[in-house]
Amino acid sequence: MNDTYYEFGTAADRWDRAQMFFDAQEYMTAARILGGLVEEAPEQIAPRLLLARAYYHSARLSKAEAELRAVLELSPVEHYARLMLGRTLERQGRPEDAAPHLRMAAAMSGDLLPEGIPAGRPEGVPGRQ
């Protein structure tokens, strides 16, 4: 496919196109379109979050992690980004790094903690449990 296809149309047209490719599980194509949208409007949360999801589903986990951290930099209360970051870190074999994000996501959503994630403070950290 020609590069101009990914750049063609308004931002809204490209957003719709990216969502269509994402829904069709064409994650790499969706990421290609979303990458341009994120470059144009880096402060927008929705394109970054969908880009992170596309990266996650296409197993480009370091890129997913970077986008999720950027989302959380813009909006620390974005519960779904926090959950996705935890899952991304788990998938990278980093359960210790994932645990605090999964705990925060559970607390933000009111859900119970996922199995295997200890409640309270990590061992050796002072404070009440």
Side-chain donor-acceptor pairs of residues 72-82 under 3.5 Å, sequence neighbours excluded:
from: Arg82; atom 1: NH1; to: His101; atom 2: ND1; distance (Å): 3.1
from: Arg82; atom 1: NH2; to: Pro76; atom 2: O; distance (Å): 3.3

Problem set entry | ring pair (Phe, Tyr, Trp, His ring centres under 6.0 Å) partners of His57, counting only residues at least two apart | Phe22, Tyr27

For this session: Mind listing the closest non-hydrogen atom pair of Gly86 and Ala98 along with its distance?
Result: O-CB, 3.2 Å

For this session: For Asp13, check side-chain contact (heavy atoms from CB on, under 4.5 Å) against everything at least two apart and list the hits.
Result: Thr10, Arg17

For this session: Only counting residues at least two apart or in another chain, list the ones meeting side chain to side chain donor-acceptor pair (under 3.5 Å) with Arg60.
Result: Ser58

For this session: Please name all residues satisfying side chain to side chain donor-acceptor pair (under 3.5 Å) with Arg94, sequence neighbours left out, ordered by chain then number.
Result: Glu65, Gln92, Asp97

Rounded to the nearest 0.5 Å, how far apart are [atom1] of [X] and [atom2] of [Y]?
X: Asp23; Y: Gln19; atom1: CG; atom2: CD; answer: 7.0 Å
X: Thr29; Y: Met20; atom1: OG1; atom2: CE; answer: 9.0 Å
X: Ile33; Y: Glu26; atom1: CD1; atom2: CD; answer: 10.5 Å
X: Arg69; Y: Thr88; atom1: CZ; atom2: OG1; answer: 9.5 Å
X: Leu61; Y: Tyr55; atom1: CG; atom2: OH; answer: 12.5 Å

Table please: side-chain donor-acceptor pairs of residues 38-52 below 3.5 Å, with sequence neighbours left out.
from: Glu40; atom 1: OE1; to: Arg14; atom 2: NH2; distance (Å): 3.1
from: Glu40; atom 1: OE2; to: Arg14; atom 2: NH1; distance (Å): 2.5
from: Glu40; atom 1: OE2; to: Arg14; atom 2: NH2; distance (Å): 3.1
from: Arg48; atom 1: NE; to: Pro42; atom 2: O; distance (Å): 3.1
from: Arg48; atom 1: NH1; to: Glu67; atom 2: OE1; distance (Å): 2.6
from: Arg48; atom 1: NH2; to: Pro42; atom 2: O; distance (Å): 3.4

Exercise. Would Arg87 and Leu102 count as a side chain to side chain contact (heavy atoms under 4.5 Å, CB included) if you check the C-alpha gap in whole Å, the side-chain angles of each, and the deciding distance to 0.1 Å?
Worked result: CA-CA 8 Å; Arg87 295 291 181 224; Leu102 294 174; 3.8 Å; yes

For this session: Take Tyr56 and Arg91 through the side chain to side chain contact (heavy atoms under 4.5 Å, CB included) test and state the conclusion after the steps.
Result: CA-CA 9 Å; Tyr56 179 88; Arg91 207 167 154 196; 3.4 Å; yes

